[in-house]
Amino acid sequence: MSAHPDGYDLLKATIELSTSSLPIETKLERMLQSITDGFQSDRSLHLRPEAILKEGFLYRVAERRKPLWVDEETPFQEERVLAEERDLLCSSFACIPLSDETSFQGIFYIGFSKGRKFSSGEVDLLLLLTKEIGAAIRNDQLHGAAEDHEKSMRQLSMLMELNRALLTTVNFERIVHMTLTAITIGDGLGFNRAMLFLVNDKDRVLEGTMAVGPNNAEEAGEIWSALSQRKGNPSELIAKIESSTENHSVLNSMVKGIQIPLEHAQCILSRTVLEGRTFNIGVPHDEEEWLQTRCERGCHIGSEVGCYVSEHLSRDPKIYAFATIPLWGKGKVIGVILVDNFYNRNPITEEDIRYLAMFSNQAGLAIENAMLYRNLEEVHQELKEAQTFLVHQEKMAALGELSTSIAHEIRNPLVSIGGFARRLDRALPADASEKRYAQTIVKEVGRLEKILSQILTYTHEDAMALKELDLREVVEESLSMISESLRNGGIQLSKEFSEKVPGVKGDYYQLKQAFFNLISNAYESMNGKGNLSIRIHPLLKNGSSFVRVEVEDTGAGIDPESLHHIFNPFYTTKDNRLGLGLPIIHKIVTSHQGQIEVNNHPGKGVTFLLTLPAQEEKQR
Amino acid sequence: MMKILVVDDEESIRLLYKEELEEDGFVVEVAKDGLEALKQVPLFRPDLITLDIKMPGLNGIDTLKRIREMERQIPIVMCSAYGEYKQDLTTWASDAYVVKAADLTELKNTIRRLLRLL
C-alpha cells in the first residue's frame, strides 16, 4: 500500500539526520519533512514545551506523557480545547510527547485531513521516530549546556590564573600591565584595547597610566593571526608579561599624556569614577543615533556624552563600541578602565562586562596594594636618605666641635713652632746645613695650618657676607695666592675672561677659597708641567643669567671609580691629603645656589665648571 | 718710636711677637692676661695693642671692653686661633682681627696699616 511508509528507510533517514552535524533547527525541519513525506500526511510539527499552554488538550498529553491517537476508530474525546489548539484538530492525527525519565522536549504532532486508521506497525514506527527526535533535541541541549559550561569554566579558570599571577608581585607597573593584557588577550577577556586611568587624589585629576592594544589595524591583524596559531593557556601568556614589562606602544605613550580634571562631568571617564558605575556604549546603528553632544574639548563619540579620550584615540570616534568600568580599591574608586573593540568592531555584551567587572574587582585591589607598596617604598627611600643626611650632619657637628677646640689647642703651638723656625731660618747663614731643617719645619707647619683651616671652613657654617662681586677679580685674587708656585714651575697659565661678566652676589672670602682650592688642585695634579686654563664667561640657561668659571688642567684626570666620591669629605686618593678641598668647593658653590660639574678625561686632564647665578640687572 | 702691647697667655707667643716686632723697630711690652694688660695700658701708654681672646682670668673680649672704657683711640688688633668671631668683632670695638698664623706677615701688615706706617 502506497500510504504505508517504508519504515526502514524512514528510520534510517531520521537517524542519519539526528547524528549529523547540522544545526538543530535544520535537523528538526528535515526530520519532520521526511516523516511528513513518508506518511503522506498533511503536516508534522514539533511543539516546543513553552508553546504548550495550560488547560488545553496538549497540556494533558504532556502531563500524562502518553501519546494521543485520533483516527477513524478512535474519535477525539477531549472536552477542553483551547482556541489556539483548534487548528490542530483534523480527522486523523497523533500527538506523541517527546520525553525520557527526567526531561520533556515538547510534543510531536502529525495530522491527516483524510480519515484513516493508524496500524500497529505505524504506531510503533512513529514512536521510534519520535524517540529519535527527542534524543536529537536532548543531545543538542546537552551539548549547548556543555559548551556554555566549558566557556564559563574557561573564563573562570582564567580569572583564577590571573588573580594568582596578580598575587605574585607587588610591582605596580607589572600588575597594571598584566591586568590590561589579560583584558586584551584572546583567551582572556578579548577586548581590542584596554586603557587604565588612575585617580590622582591630590590634584583631583584622572591620569592616563597605561594602555595595551595594537597601534593600528595591521598590527592588530598580525597579533591575532599569531595568537590563533599559538593558543596557549592563559598562565603561559601571563608569564610572558611578567618577563617583559616594557610597553613602548604609541597608544601607551598617548594615554600616558592624558590628564582629565575629575570634576569634568561631561567626560565619561570622570563620570565613571564619580558615579562609580559602568558605561557600555554601543555602536550606533545609523547616523540618527549619533548624538551630537560635544564636550568642551570638541569631541563626540556618538553616545550620550562627549569624551575627551576619543579625541586622542581615534580619527573617527563615532563608530566603535567602548565601555568604561570603575576600578575599585578598598571602598573607593581608584581609577577607571576603558575597553573597546576598535578594530573588529564587535559589540560589547553584558556578559563581557560581567567578566570584566569580576576581573577588575580583583585587579583593583592588586593595583591599590601595589600603589600603597610603591608609596611605602618611596617613603622608605626618603627616610633612608634623611637618616643618612642626619648621620652626616651629626658627624659634621661632632667634627665641628672637636675641631674648634683642637684648632685653638694646636694653632698656638703651631704659631710658635712655625714662627721661631722662620726666625731660625732667617738667622742662619745661607750656607748652613741647618737652614734646610728650619725650612722643612716652616713648610710642614704651613701644611698643618692649611689642614686646620680647611677643617674649620668645612665644619663651620660661617655667616656669609654677601656683596656684589666681579668673579674675574676674585679669581685673580685666588691666582695671586698661588702665583709664586705657578711662576716657578713649568706650568703655562692661560686666562680667557669675557669682557662683560655680570656681577655675582657672594661671599668674597668663601669664593676666593673655592677658586683657590680649585686652582691649587689643578696645579698639584699636573706635577709641575702642563697647561692651566681659566675661563670666565656669562651664560644664559632657561632664561636666567649665570656666570661660569672653568678651570681646566692637563693633569692625570680623575680615576673614574673615584669620580662619584670626589665631593665626599675626607675622601682622598693621596696619602698626605685630607680630602677636604673639593667638598669645601662644593659646599661653598651650593651655598651660593651654584652648580659644580666635572668633565673628566682620565689621563688627559679634567675641567671643573662652576656656574653661579648672576646678580639681577638693576632696572633703570 | 711706636709702642706695642702684646697680650697673650702663651709665653712662647709673647716671646715670638716681641722679638719679631722689636726686630721691625717697635718698642714692645707684654702682658700675660687681661688684668695685667689693664694695668699696663696707663703706664706703658702703647700706640697699639694685640689682644688674644681665649685667656684665663679676664678674657680678650672683656679686656677689650675695659680698655675701651679707658682709651677710645688706641688701635686694637684681636689675635686668635678662632676664626669664627671675625665677623662680629671687627665691626664692634676692635680695629682688626687676625687669625693666628706662623707667618706673621698678615699681623705685621695690619699693624703697619693701623699705625699708618704703610
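What you are looking at is a predicted structure, and each value in this text was computed from that prediction instead of being measured. Note on naming: letters A, B, ... go to the chains in the order of the sequence lines (proteins, then strands), and numbering restarts at 1 for each one. All heavy atoms count here, side chains included; hydrogens, waters and symmetry mates do not.
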More than 12 heavy atoms of other residues, nucleotides or ligands under 6.0 Å from [atom1] of [X]: is that the case?
X: A/E597; atom1: CD; result: yes
X: B/R66; atom1: CZ; result: no
X: A/K450; atom1: NZ; result: no
X: A/K505; atom1: NZ; result: no
X: B/E19; atom1: CD; result: yes

Please evaluate residues A/R426 and B/E23 with respect to the criterion side-chain contact (heavy atoms from CB on, under 4.5 Å), reporting the C-alpha separation (whole Å), side-chain torsions for both, the decisive distance (0.1 Å), and the verdict.
CA-CA 12 Å; A/R426 280 202 299 271; B/E23 213 170 78; 3.9 Å; yes
If you measure from [atom1] on [X] to [atom2] on [Y], what distance do you get to the nearest 0.5 Å?
X: B/S12; Y: A/N412; atom1: OG; atom2: CG; answer: 7.5 Å
X: A/R422; Y: B/T105; atom1: CZ; atom2: OG1; answer: 6.5 Å
X: B/L16; Y: A/S416; atom1: CG; atom2: OG; answer: 6.5 Å

Could you pull out the closest heavy-atom pair between A/L414 and B/A102, with the gap in Å?
O-CB, 3.9 Å
Between A/R411 and B/K100, which heavy-atom pair has the shortest distance, and what is it?
CD-O, 3.8 Å
Taking the side chain as every heavy atom from C-beta outward, state whether B/D103 and A/E449 have any pair of such atoms under 4.5 Å apart.
no
Polar side-chain atom of B/E10 near backbone of A/P413 as donor-acceptor pair, under 3.5 Å:
no
